[in-house]
2 protein chains.
Amino acid sequence: MTLKIGELAALSKVSRDTLRFYEKHGLITPSARNASGYRLYSDADVHRISFIISAKEVGFTLNEIHQLLKLEVTKDEKSCQDVKQFVDDKIAVVNQRLAEIKRIKTSLQTLSNACCGGDKPATHCTILEALSDQTN
Amino acid sequence: MTLKIGELAALSKVSRDTLRFYEKHGLITPSARNASGYRLYSDADVHRISFIISAKEVGFTLNEIHQLLKLEVTKDEKSCQDVKQFVDDKIAVVNQRLAEIKRIKTSLQTLSNACCGGDKPATHCTILEALSDQTN
DNA sequence: GTAAACCCTAGAGTATAGTCTAGGGTCAAG
DNA sequence: CTTGACCCTAGACTATACTCTAGGGTTTAC
C-alpha cells in the first residue's frame, strides 16, 4: 500500500505542509517518489509518522524525536552501550512525565467529582484546590 | 514564607524572565509586592507554578493551562455543569496522552532490553522495530 | 559606603513548529 | 480537452514561548 501526501495527511490528521516540514527536518522521508516527483509513503512511513505524532503530543520536541529515530540509522556506528544509555535516559524522562500526567489526571478527576453536575455555581471547583488535596 | 523572584526561579527551575513572562500572560501573579516593587511569592504561588510546569511538561500549551487555572476565578460565573464539561474534556485529552506515553515507554523499554548492554554494535536496536513489536 | 548581586520595566530578539503564498506541473472525470 | 483537485519547490509569514538588552533602582555583605 502506498499513499500520496494528501492521503497520509488525512490519515494522520496533520497537514501536507507539516509532512513536508518534517521531511525537511529529517524526521520522515517518503520511501519513494513517482515519475512526476509525487511523494509515495509506505506502511513503515505510516508507523513512523504515528510515532512522531504520539511523541510530540506527550511533549517531546522534534529535535528529541529526531534523536530517538536516529537510533535506527546510526545503530552500526554507536556501541550498544551508548544506545542503551541514551534510551534509559529517555525512559527516565518518560517516567517523570508519566507521574506528572497522572498527577494532573487525579486533580482533574477530583475536580470533576467535586462538581455537582447540576446547574448551581461551581463554588468549590478549582484545579489548585484539587491539586492540594493530593498527599503529594 | 515568601520568596523573591530569584528564589522562586531557583526552586522551580525556571528563569526569572519566564516567571515575569507567565505573569504578563495571566498565569501567575505574585501575591504581594514589597515597598520597592519586588515581587513576593507565597506558598500558594509555589504550588501554582509547580502545576504550570507539570502541565507544560506533559504537553499542555500555556493557553490551555490558563483555561484550567481560570476555572478558579470564574467559578461563580460559570455553572457547575460547564466546569464539569470542560474538565471532563480535558480528562479525555489526558487519558489519550497517558496511553501515548505508555506506548512510548513500552517501546523504549523493549528497545533497552533488546540492547545487549555490552559494547557490540546495536544492530537490532531501533525504536520503530520496538514499536511494531507491540500488538497495537 | 560601596560593590556585587539582586530587583524593576519596556521592548527587541530568538527558537521551535508550523502555515501560507506564488508560480507552476499532474491527473481523473466528464 | 479542459477543469478541479491534487502535486511540486522556495521562501515569506505567523504563533508560541521564551530570552536578552538597556537603563535604572535596591539590598546585603564586607
Side-chain angles (χ1 to χ4, degrees), chain A residues 1-42 45-46 48-70 93 97 100, chain B residues 1-42 45-46 48-70 93 97 100:
Chain A
M1 180 198 59
T2 61
L3 299 171
K4 279 186 286 181
I5 196 165
E7 294 162 339
L8 180 59
L11 191 69
S12 336
K13 287 161 198 157
V14 298
S15 73
R16 295 150 219 246
D17 279 333
T18 297
L19 290 173
R20 294 195 197 100
F21 175 80
Y22 286 171
E23 182 175 344
K24 195 158 71 183
H25 291 268
L27 291 173
I28 184 167
T29 309
S31 45
R33 297 264 186 154
N34 74 7
S36 336
Y38 286 25
R39 289 166 178 80
L40 299 174
Y41 296 93
S42 68
D45 294 331
V46 175
R48 197 176 173 96
I49 193 69
S50 136
F51 174 77
I52 293 168
I53 293 164
S54 290
K56 218 177 58 60
E57 292 262 287
V58 297
F60 283 104
T61 66
L62 296 189
N63 222 307
E64 291 170 323
I65 298 169
H66 187 68
Q67 289 186 297
L68 284 168
L69 291 168
K70 229 175 34 182
V93 172
R97 234 159 253 189
E100 278 161 352
Chain B
M1 181 200 58
T2 62
L3 299 172
K4 282 186 284 180
I5 197 167
E7 294 163 340
L8 180 58
L11 192 68
S12 332
K13 286 162 199 160
V14 298
S15 73
R16 296 150 216 247
D17 278 333
T18 298
L19 290 173
R20 295 196 196 98
F21 175 81
Y22 287 171
E23 183 175 345
K24 194 158 73 183
H25 291 267
L27 291 174
I28 185 167
T29 310
S31 44
R33 295 264 186 155
N34 74 7
S36 333
Y38 285 25
R39 290 167 178 82
L40 299 174
Y41 296 94
S42 68
D45 295 331
V46 175
R48 197 177 173 93
I49 193 70
S50 137
F51 174 77
I52 294 169
I53 293 164
S54 289
K56 218 178 57 61
E57 292 263 288
V58 299
F60 284 105
T61 66
L62 295 188
N63 222 310
E64 290 170 321
I65 297 168
H66 187 68
Q67 288 186 297
L68 284 169
L69 291 169
K70 229 177 31 185
V93 172
R97 236 160 252 188
E100 278 162 353

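Reminder, nothing fancy here: chain letters follow the sequence lines and each chain counts from 1. Both backbone and side-chain heavy atoms feed into the values below; hydrogens, waters and symmetry mates do not.
Residue A:Glu100 holds its CD atom at 10.0 Å from NZ of B:Lys56, rounded to the nearest 0.5 Å. Taken from OG1 in A:Thr29 to CZ in A:Arg48, the straight-line distance is 7.0 Å, to the nearest 0.5 Å. Between atom CG of residue A:Leu27 and atom CZ of residue A:Phe21 there is a gap of 8.5 Å, rounded to the nearest 0.5 Å. Going from atom CD1 of A:Ile52 over to atom CG of A:Leu69 covers 5.5 Å, rounded to the nearest 0.5 Å. Taking CD1 of B:Ile65 as the reference point, atom CZ of B:Phe60 lies at 8.0 Å (rounded to 0.5 Å).
Contact check, B:Arg39 against C:dT9: a side-chain N or O comes under 4.0 Å of OP1 or OP2. Between D:dT9 and A:Arg33, a contact under 4.0 Å exists linking OP1 or OP2 to a side-chain N or O.
As rounded to whole Å, 14 Å separates atom P of D:dA17 from atom CD1 of B:Ile53. Look at CD on B:Glu23: it is 15 Å from P on D:dC18, rounded to the nearest Å. Atom P of nucleotide C:dA17 and atom CD1 of A:Ile28 are separated by 16 Å, given to the nearest angstrom. For B:Lys13 and D:dC18, the NZ to P distance is 17 Å, given to the nearest whole Å. Distance B:Phe60 CZ to D:dT16 P: 17 Å, rounded to the nearest Å. When rounded to the nearest whole Å, the span between CG of A:Leu19 and P of D:dC6 equals 15 Å. For the pair A:Ile52 CD1 and C:dT16 C1', the computed distance is 16 Å after rounding to whole Å. Between A:Ile49 atom CD1 and C:dA17 atom P the separation is 13 Å, expressed in whole Å.
Counting only heavy atoms from C-beta on, B:Arg20 has its side chain closest to C:dC8 among C:dC8, D:dA17, D:dT26.
Contact check of residues 2-12 of chain B against DNA chain C (heavy atom, cut-off under 4.0 Å) returns B:Lys4, B:Ile5, B:Gly6.
Comment: A:Glu23 engages A:Arg33 in a salt bridge, judged by a side-chain N to carboxylate O separation of less than 4.0 angstrom.
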(request) Give the C-alpha distance, both sets of side-chain angles, the deciding distance and a yes or no for side-chain contact (heavy atoms from CB on, under 4.5 Å) between B:Lys4 and B:Leu40. (result) CA-CA 5 Å; B:Lys4 282 186 284 180; B:Leu40 299 174; 4.1 Å; yes
(message) Go through it in stages, so that I can follow the logic: the residues are B:Tyr41 and B:Leu19, the test is side-chain contact (heavy atoms from CB on, under 4.5 Å), and I'd like the CA-CA distance, side-chain angles, deciding distance and then a yes or no.
(response) CA-CA 11 Å; B:Tyr41 296 94; B:Leu19 290 173; 4.2 Å; yes
(request) Run the numbers on B:Ile53 and B:Glu57 for side-chain contact (heavy atoms from CB on, under 4.5 Å), then give the verdict. (result) CA-CA 6 Å; B:Ile53 293 164; B:Glu57 292 263 288; 4.2 Å; yes
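Residue order along DNA chain C, read from the 5' end via each residue's closest nucleotide, puts A:Asn63 first among A:Asn63 and A:Tyr38.
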What are the atom names and distances for every N/O pair under 3.5 Å that joins the protein to nucleotides 18-21 of chain C?
residue: C:dG18; atom: OP2; partner: A:Tyr22; partner atom: OH; Å: 2.5

